[in-house]
Amino acid sequence: MKRVHGEIQGERLRAQEEVFALVRRIPSGRVMSYGQISELMDARLSPRAVGWMLHRCPEGLPWQRVVNASGGCSTDRLPDFPKGLQRSLLEGEGIEFRADGTLDMETYRWWPGRGRDGG
DNA sequence: CCATTGACGAAGA
DNA sequence: TTCTTCGCCAATG
């Protein structure tokens, strides 16, 4: 059964790459939520699992463009992570935050496949 | 293998 | 509307 285990690992790896591929497609100045990515993957990964995959994100991946469903920066919850980094990166892309520290998902949420950001 | 911990999210109080 | 509970899946001890 160890071979099965290997196949499972391969599947996880594939799911991981799929997450990365989606994140790479997010245009500058736009965002997707963890749950959105989960949904696009046909829920093969839960939103939590998506977050975990991003924990292992390769260098150069625009990870800052993934926020929680409320439009908040979940990275600020991590103990060993620079506070406010995600927000500054997004602000550098032209995104404006509200007083409560969240961004407007109605405005900035991006869906792949449409080729346009219309919104 | 079981318990605990997360870059989550929807539902209930 | 804010806070808590619970389900979710992967990783770690």
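Labels below follow one simple rule: chain letters A, B, ... track the order of the sequence lines, proteins then strands, and each chain is numbered from 1.
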Quick one: [X] [atom1] to [N] [atom2], roughly how many Å, whole number?
{"X": "A/M41", "N": "C/dC9", "atom1": "CE", "atom2": "P", "value": "12 Å"}
{"X": "A/R77", "N": "B/dA7", "atom1": "CZ", "atom2": "P", "value": "7 Å"}
{"X": "A/L61", "N": "B/dA7", "atom1": "CG", "atom2": "P", "value": "16 Å"}
{"X": "A/Q36", "N": "B/dA7", "atom1": "CD", "atom2": "C1'", "value": "15 Å"}
{"X": "A/Y34", "N": "B/dA7", "atom1": "OH", "atom2": "P", "value": "9 Å"}
{"X": "A/H55", "N": "B/dT5", "atom1": "NE2", "atom2": "P", "value": "15 Å"}
{"X": "A/I37", "N": "C/dC9", "atom1": "CD1", "atom2": "P", "value": "17 Å"}
{"X": "A/M32", "N": "B/dG9", "atom1": "CE", "atom2": "P", "value": "12 Å"}

Scan for salt bridge (charged side-chain N to carboxylate O under 4.0 Å, His left out) pairs involving [range], sequence neighbours excluded, and state none if there are none.
{"range": "residues 58-68 of chain A", "answer": "A/R65-A/E93"}
{"range": "residues 78-92 of chain A", "answer": "A/R87-A/E91"}
{"range": "residues 13-23 of chain A", "answer": "A/E18-A/R44"}

Next on the checklist: According to side chain to side chain donor-acceptor pair (under 3.5 Å), does anything in residues 94-105 of chain A pair up with another residue at least two apart or in another chain? List the pairs.
Outcome noted: A/R98-A/T102, A/R98-A/D104, A/D100-A/T102, A/D104-A/T107
Where [X] and [Y] come nearest, the two heavy atoms and their spacing:
{"X": "A/R25", "Y": "A/G113", "value": "NH2-N, 3.4 Å"}
{"X": "A/L22", "Y": "A/M32", "value": "O-CE, 3.8 Å"}
{"X": "A/V66", "Y": "A/S33", "value": "CG1-C, 4.3 Å"}
{"X": "A/R30", "Y": "A/I95", "value": "N-CD1, 4.2 Å"}
{"X": "A/P47", "Y": "A/G35", "value": "CG-CA, 3.9 Å"}

Check residues 69-79 of chain A and write down every donor-acceptor pair under 3.5 Å in which the side-chain atom is one partner and the other belongs to a residue at least two apart or another chain.
{"from": "A/S74", "atom 1": "OG", "to": "A/N68", "atom 2": "ND2", "distance (Å)": "3.1"}
{"from": "A/T75", "atom 1": "OG1", "to": "A/Q86", "atom 2": "OE1", "distance (Å)": "2.8"}
{"from": "A/D76", "atom 1": "OD1", "to": "A/G84", "atom 2": "N", "distance (Å)": "3.0"}

Item to check | Sorted by number, the residues of residues 89-96 of chain A with heavy-atom contact under 4.0 Å to DNA chain B | outcome: none
Next on the checklist: Going by salt bridge (charged side-chain N to carboxylate O under 4.0 Å, His left out), name the residues that satisfy it together with A/E39, two or more places apart in sequence or in a different chain.
Outcome noted: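 A/E39 satisfies salt bridge (charged side-chain N to carboxylate O under 4.0 Å, His left out) with no other residue.
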Using a cut-off of under 3.5 Å, enumerate the N/O to N/O pairs linking the protein to nucleotides 10-13 of chain B.
none

I'd like a list of close polar pairs between nucleotides 2-5 of chain C and the protein, N/O only, cut-off under 3.5 Å.
none

Next on the checklist: Does anything in residues 38-81 of chain A form a ring pair (Phe, Tyr, Trp, His ring centres under 6.0 Å)? List the pairs, not counting sequence neighbours.
Outcome noted: A/W52-A/H55, A/W63-A/F81
Checklist entry - Base, sugar-phosphate, or nothing for A/S33, non-hydrogen atoms under 4.0 angstrom? => result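 It contacts sugar-phosphate atoms only.
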Next on the checklist: Can you list everything that forms a side chain to side chain contact (heavy atoms under 4.5 Å, CB included) with A/P58? Sequence neighbours excluded, please.
Outcome noted: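 In terms of side chain to side chain contact (heavy atoms under 4.5 Å, CB included), with neighbours along the sequence ignored, A/P58 is linked to A/F20, A/R24, A/L61.
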Restricting both atoms to N or O, compile the protein contacts to nucleotides 10-13 of chain C shorter than 3.5 Å, with distance only.
{"from": "C/dA10", "atom 1": "OP1", "to": "A/R12", "atom 2": "NE", "distance (Å)": "2.8"}
{"from": "C/dA10", "atom 1": "OP1", "to": "A/R12", "atom 2": "NH1", "distance (Å)": "2.8"}
{"from": "C/dA10", "atom 1": "OP1", "to": "A/R12", "atom 2": "NH2", "distance (Å)": "2.6"}
{"from": "C/dA10", "atom 1": "OP2", "to": "A/R12", "atom 2": "NH2", "distance (Å)": "3.4"}
{"from": "C/dA11", "atom 1": "O4'", "to": "A/W52", "atom 2": "NE1", "distance (Å)": "3.2"}

Checklist entry - Is there a donor-acceptor contact under 3.5 Å linking the side chains of A/Q16 and A/R56? => result no
